[in-house]
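Below you'll find the structure, written out as structure tokens, and then a few comments.
Just so we're on the same page: letters track the sequence lines, and every chain starts at 1.
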2 protein chains.
Amino acid sequence: MARQARALATRQAVLLAAAEVFDERGYAAATMAEILERAGVTKGALYFHFHSKEELALAVIEGQAAWLATWQPTSDSPVQTLIDLGYAFSHALLDDPLVRGSIRLTIEHGSFTQPQIEAYQGWSDVARGLLEQAREAGDLHPGLDVAAAAGVITGAVTGIQLSSQVLAGRQDLLRRMADLWTLLLPGLVQPHALARLSVAERAPRGA
Amino acid sequence: MARQARALATRQAVLLAAAEVFDERGYAAATMAEILERAGVTKGALYFHFHSKEELALAVIEGQAAWLATWQPTSDSPVQTLIDLGYAFSHALLDDPLVRGSIRLTIEHGSFTQPQIEAYQGWSDVARGLLEQAREAGDLHPGLDVAAAAGVITGAVTGIQLSSQVLAGRQDLLRRMADLWTLLLPGLVQPHALARLSVAERAPRGA
DNA sequence: TAGAATACCTACTGGACGGTATGCGATCTC
DNA sequence: GAGATCGCATACCGTCCAGTAGGTATTCTA
């Protein structure tokens, strides 16, 4: 095991550097040279762990699914959990380069469509599951199309995040998330449920 | 004039081909060779009209601002006009390669940040103007933050469009737009105004 | 401690890509 | 109708980039 310790460290360094560069430049504009330089690693070391640029990108995308997989519900109320998830994701986006790079690669369609679709679908499925729980709890408007709402929410979060990044370097991301929920919730949940929800962030940090 | 007619045609052909390739591949992955091939034009012709790849991309982005500039209000109700604008934009996205390419270049941040910010801001400003009219007309919820709502709406439309593209090649774009408004409007306008709005698309075509 | 994987380093390659230099026919000007 | 400009064609260039070949150090195994 000790023999793999160093190897694991360089692998992580490469992955982190790649995520950063992919986040900043996008897939096509990212160069292996910059990733190498930032990771403080030579070409041979990188290509020992990852056989190609594409494989490296896929490994970064995987980080997103991993983040979502480790995430845990935070409230008895499904809708409140959904809101909290949005804030937890925002913090991940602000703090975790792997998530940032992963998101940019997911958004940038073209090269590897399959994992991108899966990433989107993963988010949409989580949202949909929570909404179905909320419907069973009687929180949602009766006629609401749960699948459609899940699609709108994931799309909206994607766009909010993107515009925050382009316009303000993500500095106003949390505020924009609050704005989103303020606008969305009245169309989603019934008044009696609305009163019990906190649109603003509840805890200073998630997980 | 007859001499410039041909020149204008090749310029348009180049611009169109460039928009298509930028839309499909993104800026960095797009190659001049593919643009040339698709435009049916030689390198000399292209570089006569556009001095660099970047200049070509900027010209494509300009098409977006041009589209927005030619757009005209479609209703006495500002909110209805906003909804209609969303659908008109969706149709432009489906039909007009220039708008498609322009949007992708705007979303793909990195190379030329300035025009991208302006493009976003242009959309946000239009939305904000309409919302302010709606507030004066007494249609909106009293405490609503108009600027915040405009930011959310432009961001959400951006994200809806993106997820529709990645997941379904934009085939379900119009349906997703309807879903968005269904969810958003209750948080935006008061019930009496809500009754007068059409969430679904009103006319078969815009403009 | 021999040797066999493992983990990494250095130098190189082939090709693609954006951009340029130069030339040439058509059209306009006077 | 002669030069000048416009609009385009072709061939070429320097650079950069992903990936590889082959060697070397390190660490595990027995």
Whole angstrom value for the distance that separates [atom2] of [N] from [atom1] of [X]:
X: B:K43; N: C:dG23; atom1: NZ; atom2: P; value: 19 Å
X: B:F50; N: D:dC8; atom1: CZ; atom2: C1'; value: 14 Å
X: A:H49; N: C:dT6; atom1: NE2; atom2: C1'; value: 10 Å
X: A:R25; N: D:dC17; atom1: CZ; atom2: P; value: 11 Å
X: A:E34; N: D:dC16; atom1: CD; atom2: C1'; value: 14 Å
X: B:F48; N: C:dC24; atom1: CZ; atom2: P; value: 18 Å
X: A:K53; N: D:dG19; atom1: NZ; atom2: C1'; value: 12 Å
X: A:L8; N: C:dA7; atom1: CG; atom2: P; value: 10 Å

- request: Could you tell me whether B:R38 and B:E24 have a side-chain N and a carboxylate O separated by less than 4.0 Å?
  value: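 B:E24 and B:R38: salt-bridged.
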task: Could you work out which one of D:dA9, C:dC9, D:dA18 sits closest to the side chain of A:Y47?
output: D:dA18
query: Any idea which of D:dC8, D:dG19, C:dG19 is nearest the A:S52 side chain?
result: D:dG19
message: Ring centroids only, cut at 6.0 angstrom: are A:F89 and A:W123 within range, meaning strictly under it?
response: yes
task: Scan A:T42 against the nucleic acid and name what it touches under 4.0 Å (heavy atoms): base, sugar-phosphate only, or nothing.
output: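 Touches a base.
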query: Base, sugar-phosphate, or nothing: which does A:A30 touch, judged by heavy atoms less than 4.0 Å apart?
result: sugar-phosphate
- prompt: Does a donor on one side chain sit under 3.5 Å from an acceptor on the other, for B:Q64 and B:S102?
  reply: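 Their side chains do contain a donor-acceptor pair, which is all the 3.5 Å distance test asks for.
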- prompt: Do other residues, nucleotides or ligands put more than 12 heavy atoms under 6.0 Å from the CD atom of A:E55?
  reply: yes
message: Does C:dC8 have its OP1 or OP2 closer than 4.0 Å to a side-chain nitrogen or oxygen of A:T10?
response: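 Yes.
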